[in-house]
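By convention in this document, chain letters (A, B, ...) are assigned in the order of the sequence lines, proteins followed by strands, and residues within each chain are numbered from 1. All values below were derived from every heavy atom in this structure, side-chain atoms included, with hydrogens, water molecules and symmetry-related copies excluded.
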Amino acid sequence: MKVARVIVDVPSRDTDRTFDYSIPPQLDGWVEIGSRVAVPFGGRALQGIVTAFAADAEVEAAKVKPIAELMDAMPPLSAELVQLGEWISKRWLCPLTIALQAMLPAALKGKAEKYVFPAIGAHWTEEETARSGGLLLALGRGEPLKLASLLQQYPDQGEQLKLWMRQGRLEERQRVENRMSVKTMQTVFAPDADKLRQAMAELPARARKQHEVLAYLADNPEPIAVERLAEALGTTSSTIRALADRGLIEVRAVTEDRDPYANRHFPPSVPMTLTPAQAEAIAPIIDALDSRDHRAFLLHGVTGSGKTELYLQSIDRCLSSGREAIVLVPEISLTPQMVERFKSRFGAKVAVLHSRLSNGERYDEWRKIREGRAQVAVGARSAIFAPFERIGLIVIDEEHETSYKQEESPKYHARDVAIERARLNGAVVVLGSATPSLETYAASKRGIEMGYISLPQRVADRPLPGVRLVDMREELKLGNRAMFSRALHEAIVSRLEKKEQMVLLLNRRGYATFVMCRSCGYTATCPHCEIALTYHRGAQTMRCHYCGYAEVEPKTCPSCESPHIRYFGTGTQKVEESLAETFPGIRVIRMDVDTTTEKGSHERWLTEFKERKADVLLGTQMVAKGLDFPYVTLVGVLAADAALRLPDFRASERTFQLLTQVAGRAGRHELPGEVIIQTYDPEHPSITSVQGHHYEGFVRQELKLRHVFGYPPYGRLIGVTLSHESVPMLLSAGQRLATRVRELATAERIGSDFAGGNGDALEILGPVASPIARLKDRYRFQCMVKYRGDVDASRLVAQALRELEEAVKKNGLIVSVDVDPQMML
DNA sequence: AGCACGCCGACT
DNA sequence: GTCGGCGTGCTC
């Protein structure tokens, strides 16, 4: 009996294998590898993906059930993507269904819905019918009805329904349905100001928060999302709901638009004539495309060297050979300007995929690709799964960006997936960056698996901006306690006079980074996470940036009641305030997660800045990436070493990359640029190398350190984080795991004297408390496996984890594995 | 992940 | 004597 092997959508270790289903005659010939099917599984209906066929079931024929339904006429995944999914699940140690789900748009994440209908021959008394308040009448019409909507419509009949189902008078059937939910947003609509004032007068005086809400709406009459309004006023949605209940405001679910680019016109662009340097750089890429071999290249080009034009011309070449192209861009750089560059060149052939799209929009773009109506996919990380069938080229712009690593399961890195997918397709990969990750750089310098292409000059020979380092310790000695050094102060003044613009970077949001009592040393920490709370000026709250916990600012010390409670450290809010005080009349746009939560706000700020409605763009790392404004002639970094002391071996690399990227924002057009970096550590290589735009110098030094400690690219890492409410439990589980990995390594004769890139093999560190030792009320311990690249450590870790899970069963221990972790926190 | 099956406390 | 608490095991 021919069977389909199905991966069912239950993300657990013991269901991480195929289950066999027979193919009903009417589906014969329709079910393919990659088909999405609904199947009965343990008494319920589930979604699954067909990954193989077999001539016979691996279990006795009586156990094999038929596929209930084929969910799409055209399989959403190809055999190639299924294969890629299998590779991902092995590489990052996750259940295959999780890898496969990551490839599907959210709209295709099927969910079982329960339907109820009367059993044949079931009767109800007149009294029961009357008591059911219309429910039995509705059921009596014959159509099975959705259980969830019945419960919503008749909230008090839940018990009754359950009883009838137990008695067999009602029957239940499950059906897997698409979650084609159009995205909606609860939005507040305010009446006109007069009505609002009248409403305020009618409100009881003690309803203070409700007054505030109405006052805010009187000033800001445009519709606003409930969540956002609540956040702006430091209250909760219940306040707003209360107002809606009184009928004073209206709250409606607003659906989001489906074609984000429907009303936009993209003026066509033609290929630019390449500079000699560009022409030389693109040649090997074109060669590789023409030969149809799998090849990968690092395109190492300084900021402003014209990498995007090379991408465009490479894509053009790829398309003209009848193949398709994927372009990955960091989420944050996926701005309308960026999209425009691709749409202008390739028009309707471009599909755009990013997280800001609603599920419906995303699904529509995805279908354009699947159905062959688009040949270029431009998108963030997950666009690497664009369902093309003839991929010729994959471009990853800003390849060093951390956002290419997904932090939830599957914890894949899009760069590695790209290379594997290109290998499967005989396609070319181009990794572009001004500051390549050390892994990529080292690989390209080895020259075996990856070629190196350099583009060391900016186009039109525009100079890289001059970089000045300012030692803030000297400033302090000279009595300057302000957050702006004298140099930066002067530079700001001169830009204001010349009506030029500035970008200021501070990689910390909020107002003050911690709150401490000067009398007793008490610091405010999150009660759930052991993380210092950050003070936010606007809402006068202290917030945890990890779990979102917030409390009102204390007037006196909660511990000793001293009034000497002070705010330390500087966040973007405080800089904004200080700019206004120091430079009266200065116009500042602040961009950080607090000001860009609303859909489209990110874009709006950038447009305003571009139109020169502000002098300063102040923000966290989101102002460092890919922005291109002709009037920006000054970039200021307020505290360059902020991220340097983090307990992460990549801290230096990140700092260097961030500083170089932000420095590249200055002087990109006619006007020359200047960069001022304030630091307490002006000798640090991450910082001094930025001054000379000296990537190679920085990398050489950093690689030496990595070599000594056996960190990537010389060794590889697997992080395992265990979390539980109890510390002793965690410690014993952690030790058990570490011991077991060690035993397995010894059994396989893998030496444990790995130190640096020349030792041999594998070592396991920990368990130790995680840098964030407690998160959301759970303690966290971690182990780190450090190993030489040719050792199959993930197999050992997987086995040790299986054994550990077997041993502790369900006692609440949560284990999370991260292969090639990018963040050590 | 769910849902069933199974073995021990507070109720009609 | 029964309802139901959630520990354990299976799902083609």
Side-chain angles (χ1 to χ4, degrees), chain A residues 1-25 27-28 31-33 35-71 82 86 89 93-102 104 106 108-116 146-148 151 158-168 170-177 179 408-410 723-726 729 801-817:
Chain A
M1 179 185 56
K2 186 186 172 190
V3 292
R5 304 237 136 116
V6 175
I7 293 288
V8 293
D9 190 19
V10 178
S12 80
R13 275 223 163 66
D14 30 322
T15 50
D16 189 23
R17 58 188 178 88
T18 56
F19 289 85
D20 290 344
Y21 288 88
S22 62
I23 301 159
L27 293 183
D28 193 28
V31 179
E32 294 173 54
I33 288 180
S35 285
R36 206 161 56 106
V37 290
V39 291
F41 188 76
R44 61 212 167 107
L46 281 182
Q47 174 171 308
I49 303 284
V50 176
T51 61
F53 294 102
D56 274 300
E58 51 188 2
V59 289
E60 56 205 275
K63 275 190 170 179
V64 177
K65 297 177 183 171
I67 289 172
E69 218 177 327
L70 177 67
M71 300 192 62
V82 169
E86 283 164 352
S89 101
L93 301 178
C94 71
L96 178 51
T97 187
I98 290 189
L100 296 175
Q101 287 301 319
L104 295 174
L108 297 186
K109 290 197 173 128
K111 194 178 172 281
E113 281 294 347
K114 291 175 181 171
Y115 285 81
V116 287
K146 205 178 268 190
L147 181 61
L151 288 174
E159 285 305 308
Q160 189 56 255
L161 274 170
K162 236 191 263 170
L163 181 66
W164 286 334
M165 280 156 75
R166 249 203 319 270
Q167 292 171 342
L170 285 178
E171 280 185 39
E172 179 191 301
R173 182 171 299 159
Q174 293 187 30
R175 222 187 109 90
V176 178
E177 290 180 355
R179 242 180 277 183
E408 300 94 64
S409 191
S723 80
H724 198 273
E725 285 150 16
S726 128
M729 169 66 225
L801 284 176
R802 258 196 309 275
E803 291 173 17
L804 178 71
E805 283 186 359
E806 186 63 33
V808 300
K809 280 291 177 210
K810 294 177 181 171
N811 75 351
L813 182 77
I814 297 181
V815 182
S816 134
V817 204

A:Thr18: side-chain hydrogen bond (donor to acceptor under 3.5 Å, both in side chains) partners, not counting sequence neighbours: none

With sequence neighbours left out, what residues match A:Ser726 under side-chain hydrogen bond (donor to acceptor under 3.5 Å, both in side chains)? none

Members of residues 1-10 of chain A that approach DNA chain C, where some heavy atom sits under 4.0 Å away: none

Tell me, which of residues 43-64 of chain A have any heavy atom that sits under 4.0 Å from an atom in DNA chain C? A:Val59, A:Lys63, A:Val64

Exceeds 12 heavy-atom contacts within 6.0 angstrom, atom CZ of A:Arg13: yes

Check the distance between [N]'s [atom2] and [X]'s [atom1] and give it to me in whole angstrom.
X        : N      : atom1 : atom2 : answer
A:Lys111 : B:dA1  : NZ    : P     : 15 Å
A:Gln174 : C:dT11 : CD    : P     : 17 Å
A:Lys65  : C:dT11 : NZ    : P     : 9 Å
A:Asp14  : B:dA1  : CG    : P     : 9 Å
A:Leu96  : C:dC12 : CG    : P     : 18 Å
A:Asp20  : C:dC12 : CG    : P     : 11 Å

Once side chain to side chain contact (heavy atoms under 4.5 Å, CB included) is applied, do any residues pair with A:Pro410, and if so which ones, sequence neighbours excluded? A:Ile88, A:Cys94, A:Ile98, A:Ala102, A:Gln406, A:Tyr412

Please classify the nucleic acid contact of A:Arg17 as base, sugar-phosphate, or nothing, using heavy-atom distances under 4.0 Å. base

Applying a 4.0 Å non-hydrogen cut-off, can you work out what A:Thr15 is touching in the nucleic acid: base, sugar-phosphate, or nothing? base

Is the aromatic ring centre of A:Phe41 closer than 5.5 Å to the centre of the six-membered base ring of C:dT11, with the two planes inclined by less than 30°? yes

Across all chains, not counting sequence neighbours, the salt bridge (charged side-chain N to carboxylate O under 4.0 Å, His left out) partners of A:Glu177 are A:Lys146, A:Arg175

For A:Glu58, salt bridge (charged side-chain N to carboxylate O under 4.0 Å, His left out) partners two or more places apart: none

Are side-chain heavy atoms of A:Thr97 and A:Thr15 found at a separation under 4.5 Å? no

Atom pairs and distances, side-chain donor-acceptor, residues 42-57 of chain A, under 3.5 Å, sequence neighbours left out:
from    : atom 1 : to       : atom 2 : distance (Å)
A:Gln47 : OE1    : A:Arg36  : NH1    : 3.0
A:Gln47 : OE1    : A:Gly110 : N      : 2.6
A:Gln47 : NE2    : A:Leu108 : O      : 3.2
A:Asp56 : OD1    : A:Met1   : N      : 3.3

According to ring pair (Phe, Tyr, Trp, His ring centres under 6.0 Å), who are the partners of A:Tyr21, at least two apart in sequence or on a separate chain? none

